[in-house]
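The structure appears below as structure tokens.
For the numbers below, each heavy atom of this structure counts, side chains included, while hydrogens, waters and symmetry mates do not. Lettering follows sequence order; numbering is per chain, from 1.
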Protein chains: 2
Amino acid sequence: MPEVIQKTNCTNCLFKSLVFNKLNDSELDFLDQFKIEKIYQKGEIVVNEGDTINDFLYIKTGLVKLFKTGLDGKDHILSVAKPQDFIGFLSMFSNTNYQYSIATIENSTLCFINVPALKKLIENNGVFALDILDKMSLAVDGILDTRISLCSRNLRGRIALLLLYFSDEVYHKDEYILPLARKEIAGLIEMTTENVIRILSEFRHDGLIEMDGSEISLLNKKLIEAISTAG
Amino acid sequence: MPEVIQKTNCTNCLFKSLVFNKLNDSELDFLDQFKIEKIYQKGEIVVNEGDTINDFLYIKTGLVKLFKTGLDGKDHILSVAKPQDFIGFLSMFSNTNYQYSIATIENSTLCFINVPALKKLIENNGVFALDILDKMSLAVDGILDTRISLCSRNLRGRIALLLLYFSDEVYHKDEYILPLARKEIAGLIEMTTENVIRILSEFRHDGLIEMDGSEISLLNKKLIEAISTAG
DNA sequence: TAACAAAAATGATATATATCATAATGATGT
DNA sequence: ACATCATTATGATATATATCATTTTTGTTA
């Protein structure tokens, strides 16, 4: 359960330009009545697969994973999402219930916006509607790209891709703490836990990375990129 | 090149209810000025990767494939699309150029609708905007589901999934003519051409299917479904 | 119809990946 | 501080898949 629930003001929100830049002040005021902000610790469940979709979720800060538990009991991670990834748009329009679960993998602040209220704004503001379509389209492009390139890569290529993803897209640093356990990585890039561990060790032996538990530092990014492309 | 170009009338179109059911007659008349219909033979290129996106593409009849040519020279099929799949919505909003190529794999009739005209309608008709969001969302859900389940299946499972896809989603029959060559199937479900052939032969030897060239008939659907689920 | 090219088919072999077993390490609760 | 459990780690082996080589079939064109 989120520990803190905040009532903040959309018009003053640092992030409004990222999501709601096509709305005017009175529209933002309207939205204020229908939104709530929650602060989560790392590792908390935000929604469970099957839950009714009442709110559009927006990640203000932090990192979450979208996942499904398969018939084999293993978790499959559909996507890791960070601020501006607009994962909330994904099944909000096509389904009444979540097709996946969401959990935080970093301390995160999420904004919950009532779906009917949001739909009313879309209906009444055509420019906003087009903007939402743009953002949704971009989000989808990204997820599809990642998924397809995962399928056609070998294990080393997938690990390389993952390391680069966290370095380039999430932390913007060559050193970072992997927010996912080896087992979770396995579920994200569709391989066994043992092979995740094995290949990370391989990369260390080959001088590509330094590694202490979940602390990772990329030593030879050029080569990692080459492996990611060639794989 | 498409052999025939037709000027038809949206208001009388059999398919308008599938795509444009939220538009009134005057809006449909407006659209008429900005659309064109083309008839393609099987195997024709509709758009090339990198082409400027000028039109929203709607599949009236037939079957197309969306594909990219990889660095290795092999084609990777992103998706096979049939009427009502609304693939045209995919990167229309997020990109000015196609991120993939499109070719017909059956004789097909496609409708080309000018993008700025369509956007104007979206901007002016909020209910239509929400409807487009719904359809786009559904299209994406489908593609993602397929992709993710492909990644986590073994070769036999993937072939089973493919056979069922054409049977259940496309032809609605247990006998059909595979519209894709073995090599294309390989590019669609990420395996080698040899293994596609081998596993299809295996399925025939095991009495799961009958096969003569591209004529396929599913003999034991229950078992094929089991293989698809278990794989 | 012959001649050719492409696709389909099959087997042998190499490589990549998963599975199983076992140990070391680290975290958690008592 | 100890027992317990999950995670990380590594090796041995089995299995799945890709690659390479060769033949057969099919379709196309002269």
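- Residues A:S94 and A:Q99 fail the side-chain proximity criterion, which asks for heavy atoms closer than 4.5 Å.
- Side-chain polar atoms of B:S152 and A:K74 form no donor-acceptor pair below 3.5 angstrom.
- Distance CE (B:M211) to P (C:dA7): 17 Å, rounded to an integer number of Å.
- Distance A:D75 CG to D:dA6 P: 15 Å, rounded to the nearest Å.
- Rounded to whole angstrom, the span from the CZ atom of A:F203 across to the C1' atom of D:dT8 amounts to 18 Å.
- The distance between atom NZ of A:K183 and atom C1' of C:dA27, rounded to the nearest whole Å, is 16 Å.
- Between the C1' atom of C:dG26 and the CD1 atom of A:I197 lies a distance of 13 Å, rounded to the nearest Å.
- One interatomic measurement links the two molecules: CD1 of B:I209 to C1' of C:dA8, which rounds to 13 Å at whole-angstrom precision.
- Side chain of B:T109 to backbone of B:I39: no donor-acceptor contact under 3.5 angstrom is found.
- Taking only side-chain nitrogens and oxygens, B:S201 never comes nearer than 4.0 Å to OP1 or OP2 of C:dA8.
- Taking atom CG of residue A:L180 and atom C1' of nucleotide D:dT7, one finds them 14 Å apart after rounding to whole Å.
- In this structure, B:T104 contributes its side chain and B:E44 its backbone to a donor-acceptor pair below 3.5 Å.
- Remark: B:K183 NZ is loosely packed, at most 12 non-hydrogen atoms of other residues, nucleotides or ligands lying under 6.0 Å away.
- Rounded to whole Å, atom C1' of D:dG27 lies 15 Å from atom CZ of B:R182.
- In terms of heavy-atom proximity, A:D85 sits nearest to A:V80 at OD2-O, 4.0 Å.
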Collect all protein-nucleotide pairs involving nucleotides 13-22 of chain D in which both atoms are nitrogen or oxygen and the distance is under 3.5 Å.
{"unit_1": "D:dT17", "atom_1": "OP1", "unit_2": "B:L155", "atom_2": "N", "d": "3.3"}
{"unit_1": "D:dA18", "atom_1": "OP2", "unit_2": "B:N195", "atom_2": "ND2", "d": "2.6"}
{"unit_1": "D:dT19", "atom_1": "O4", "unit_2": "B:R198", "atom_2": "NH2", "d": "3.0"}
{"unit_1": "D:dC20", "atom_1": "N4", "unit_2": "B:E194", "atom_2": "OE2", "d": "3.4"}

